[in-house]
Undergrad: 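Here you go, one structure.
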There are 4 protein chains.
Amino acid sequence: MTTAEASREPQQGRSRASYERMLTAAEKLMVKGGNDDFTLTEVAKVGKVSIGSIYLRFDSKDDLIRAVHARVLARIDADQDRMMQKIDEQAATLEDFARAFVDAYAELLKSYSPVLRPIMFRAIYDESISALGRDSAEKLTRQAETQMLRYASEFGRPDHARLVSNAFRMIYYTLARFLGLGSSPEAAHQGNWEEIKEDLAIMCAAFLRAPGPS
Amino acid sequence: MTTAEASREPQQGRSRASYERMLTAAEKLMVKGGNDDFTLTEVAKVGKVSIGSIYLRFDSKDDLIRAVHARVLARIDADQDRMMQKIDEQAATLEDFARAFVDAYAELLKSYSPVLRPIMFRAIYDESISALGRDSAEKLTRQAETQMLRYASEFGRPDHARLVSNAFRMIYYTLARFLGLGSSPEAAHQGNWEEIKEDLAIMCAAFLRAPGPS
Amino acid sequence: MTTAEASREPQQGRSRASYERMLTAAEKLMVKGGNDDFTLTEVAKVGKVSIGSIYLRFDSKDDLIRAVHARVLARIDADQDRMMQKIDEQAATLEDFARAFVDAYAELLKSYSPVLRPIMFRAIYDESISALGRDSAEKLTRQAETQMLRYASEFGRPDHARLVSNAFRMIYYTLARFLGLGSSPEAAHQGNWEEIKEDLAIMCAAFLRAPGPS
Amino acid sequence: MTTAEASREPQQGRSRASYERMLTAAEKLMVKGGNDDFTLTEVAKVGKVSIGSIYLRFDSKDDLIRAVHARVLARIDADQDRMMQKIDEQAATLEDFARAFVDAYAELLKSYSPVLRPIMFRAIYDESISALGRDSAEKLTRQAETQMLRYASEFGRPDHARLVSNAFRMIYYTLARFLGLGSSPEAAHQGNWEEIKEDLAIMCAAFLRAPGPS
DNA sequence: TATGAATGAGTATTCATTCAT
DNA sequence: GATGAATGAATACTCATTCAT
């Protein structure tokens, strides 16, 4: 649905199939190169589509890119929902929740990091993309908030919305940055990955529990 | 010194002056455009240097960009040193230190954010740049570590190096991300800036104090 | 009939109607843009016809354009007939006739100038179009000749056909050019329009009366 | 000088030479095709210049075209001056002058018609071109006026400026149109060329002499 | 007949890099 | 050393035409 905003998305049949091939080809090329610097000729070749067909669905290369982004973010969104549901059933204490949440979210981000990198790359200067990312993050913040509030009595400070929002931000930014730096994040950072996750969980609980500056 | 790695840096006289003008012009254009999309023709014009001269010093446009990055990071490095020295003299408690450190570092990053954005932008896919950034961060981590270790007795867990390193990482990544998102971060995020800084300080102290998972 | 030359013109029913819509849509677009730079996709949309249908009737875009031209010229032709008939009833002297003819023809051309401009535009390099235009002009010449010959006794030189033909040419070319130059001829030349008409009438009579070079 | 308006015209040496080759190549291609539909790749090949070089001198293909136009019109202008001077020395009577002027101007236009056709083609919708053409015509009108005024005592009507201006217009438009119609004007109209010139001269004198409508 | 999705050749423009002076 | 004119490969986008349904 969000995908449709920037494109003329055919609903069925052959058209639909070639439309999918375009998006998939573009996504593949984005992952491969780590950025948006693919050419439409490449998309045409990889997706077995003609250049004209691409322009039949998208007004510009930028539109195509945005559609890929939207599709990926929709996928992530769905995964986030599933993730939160699963955590909901498990967590017992604030510490448990923090650990479960950080771990699940970290792995989710990691699994998406190859696609996410070129997206975040562009988000830096394309407001419409960063807005999408923000929406996604905000939704997750609200979901996390709902669950964290079950432990609200243990929070050290009054403004719960702010606490949850900033806790989430620190987790998200740290993980994103960790995964996003360098071109082969796995190789470079693998060693500390488990430690970072553990420490983020500890940080999260400790931060929420921390009393304000006296 | 790091600058010299990717260039033939003249040590004195007229050559030196035009070399400086190249770097300054390129930096100015990077800040202006928020990315690397300037042309060498522009650099030549702004820096009052011939294109040929640029290629006399640098093997490619990429080399020039890397040199600019290195020069900026060197400047930040020096500022970081000054910053750490000043904090050293003030801080009394762990909480004091955390607050002072986060605030000073946040403002330092913010003041450099216009130059830092295009650098971080490129660091996403240019390993040699992200390595430079890592060096700078690691040095700061060591400096912070030295100082934080004065409060080591209050730490909640044994592996102090890891604690300090990850605390710093969370602070740096969160701030960097906060400043880097969108094209006019000030306008977009100004509202939460003071809150973020405060919460990062609280988080930092709480994290260092937090006992490990029992 | 001339229209049929370049097309497969259906004679009746639904086909006929969509055929008309094509021509009308194309003409509308030609007038709107002042040239032939419309796309067949636009014609299809405006005329509520499929692109395939267009190619069912015309071999190429050029054929469609030529058919539009022919249809317009046919319309002009009919108007010319009506015009000449009306003049026939009024004119008393050669001067009267010249004035009446120039004025009527000038206004006729002016009223058609929006459609005529793109046609003349193309006639410059498309021989088949300029031929059509010539046919139309020649027919009018013959009509004018028939009427002018009533004043033949007042002509200054013997070759009446040549006289009439060239008088008409000067009138037609001057008016056409006057209307065709610039993109908003009305605005640009309005001021002299009445003067030009008056002078053309004077010129016409004077030219026909003029004795040959002695 | 007018050429320089739309271009960066080098003043000497090799640059100047390749600049000339660009203009000459473009002009050649314009004459060949009868319009502006040449490609820059063709210009590069014919003019033995790189595409980049073209963009070093001109901001766009349109600028190149305008420069060609300006150069041609400058050439015509010079020829017009020479032509008027020659006529000045010869003409004795109004009829003599008219004949001499029409003949000389007709031949001048005819000799330039291959280049003029694509220029007039574009003048239809490019105001900046039609303005150039108007300037050229107006200058000629003034020159003709100066000379015709020697016969002013023979004019049939008072507003001499208008008389001369409209006489010139009729001559110019008729000749231009005569030469401009069709793609091979020589072949098509050769037969009537001498007659048209003769009749235009007769028309001119007769028109200037004609008394106003009584 | 009628449709309109698919095709892909064709073109203006940019810009890092080279090299003759 | 220094210059900056010249190069040309590379790329987004258009649109007449085709053809499977």
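Keep in mind it's a predicted model, so treat the numbers as computed, not measured. Naming convention: chains lettered A, B, ... in sequence-line order (proteins, then strands); numbering from 1 in each chain.
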Undergrad: Does Tyr55(B) have a side-chain nitrogen or oxygen under 4.0 Å from the phosphate oxygens OP1 or OP2 of dT17(E)?
TA: yes
Undergrad: Could you tell me whether Ser18(B) contacts a base, only the sugar-phosphate backbone, or nothing, with contacts defined as non-hydrogen atoms closer than 4.0 Å?
TA: nothing
Undergrad: How close or far is atom C1' of dA5(F) from atom CZ of Phe58(D), stated in whole angstroms?
TA: 15 Å
Undergrad: Ile54(D) has an atom CD1; how far is it from atom P of dT11(E), in whole Å?
TA: 14 Å
Undergrad: Could you check whether Lys32(B) pairs with Glu42(B) (Lys NZ or Arg NE/NH1/NH2 to Asp/Glu carboxylate O, under 4.0 Å)?
TA: no
Undergrad: Hey, does the side chain of Arg57(D) come within less than 4.0 Å of dA6(F)'s phosphate (OP1/OP2), counting only N and O?
TA: yes
Undergrad: Considering every strand shown, what is the Watson-Crick or G-U wobble mate of dA20(F) when both distances are under 3.5 Å?
TA: dT3(E)
Undergrad: Which whole-number value in Å describes the distance from Asp37(A) CG to dA10(F) P?
TA: 15 Å
Undergrad: Taking the minimum atom-to-atom distance to the side chain of Leu40(D), which one of dA2(E), dT17(F), dT13(E) wins?
TA: dT13(E)
Undergrad: Is a side-chain donor or acceptor of Lys48(A) paired with a backbone partner of Arg21(A) at a separation under 3.5 angstrom?
TA: no
Undergrad: Quick check: on DNA chain E, is the nucleotide nearest Ser60(B) upstream (toward 5') of the one nearest Gly52(C), or the reverse? Name the residue that is more 5'.
TA: Gly52(C)
Undergrad: When you check the phosphate oxygens OP1 and OP2 of dA2(E), does a side-chain N or O of Ser15(C) lie under 4.0 Å from one of them?
TA: yes
Undergrad: dA2(E) P sits how many Å from Met22(C) CE, rounded?
TA: 8 Å
Undergrad: From the options dT7(E), dA16(E), dG8(F), select the nucleotide whose nearest atom is closest to the side chain of Ile51(D).
TA: dG8(F)
Undergrad: Regarding Ser53(B), tell me which of base, sugar-phosphate or nothing describes its non-hydrogen contacts under 4.0 Å with the strands shown.
TA: base
Undergrad: I want to check one thing: is the phosphate of dA5(F), taken as OP1 and OP2, less than 4.0 Å away from some side-chain N or O of Arg8(D)?
TA: no
Undergrad: Using heavy atoms to find the nearest nucleotide of DNA chain F for Asp62(A) and Lys48(B) separately, return the residue whose nucleotide is more 5′.
TA: Lys48(B)
Undergrad: Can you measure Phe38(D) atom CZ to dT13(E) atom P for me and round it to whole angstrom units?
TA: 11 Å
Undergrad: Taking the side chain as C-beta and beyond, is there a heavy-atom pair between Phe38(B) and Ile65(B) under 4.5 Å?
TA: yes
Undergrad: Give Thr41(C) one of three labels, base, sugar-phosphate or nothing, depending on what nucleic acid heavy atoms sit under 4.0 Å from its own.
TA: nothing
Undergrad: Are any non-hydrogen side-chain atoms of Thr39(C) and Lys45(C) less than 4.5 angstrom apart?
TA: no
Undergrad: Rounded off to whole Å, could you give me the CG-to-C1' distance for the Leu56(D) and dG8(F) pair?
TA: 13 Å
Undergrad: Is the backbone N or O of Gly47(A) less than 3.5 Å from a side-chain atom of Lys28(A), with the two atoms forming a donor-acceptor pair by type?
TA: no
Undergrad: Which of the following nucleotides, dT17(F), dT7(E), dT11(E), is nearest to the side chain of Thr39(D)?
TA: dT11(E)
Undergrad: Counting side-chain heavy atoms from CB outward, which of dA12(F), dT1(E), dG4(E) is closest to Lys61(A)?
TA: dA12(F)
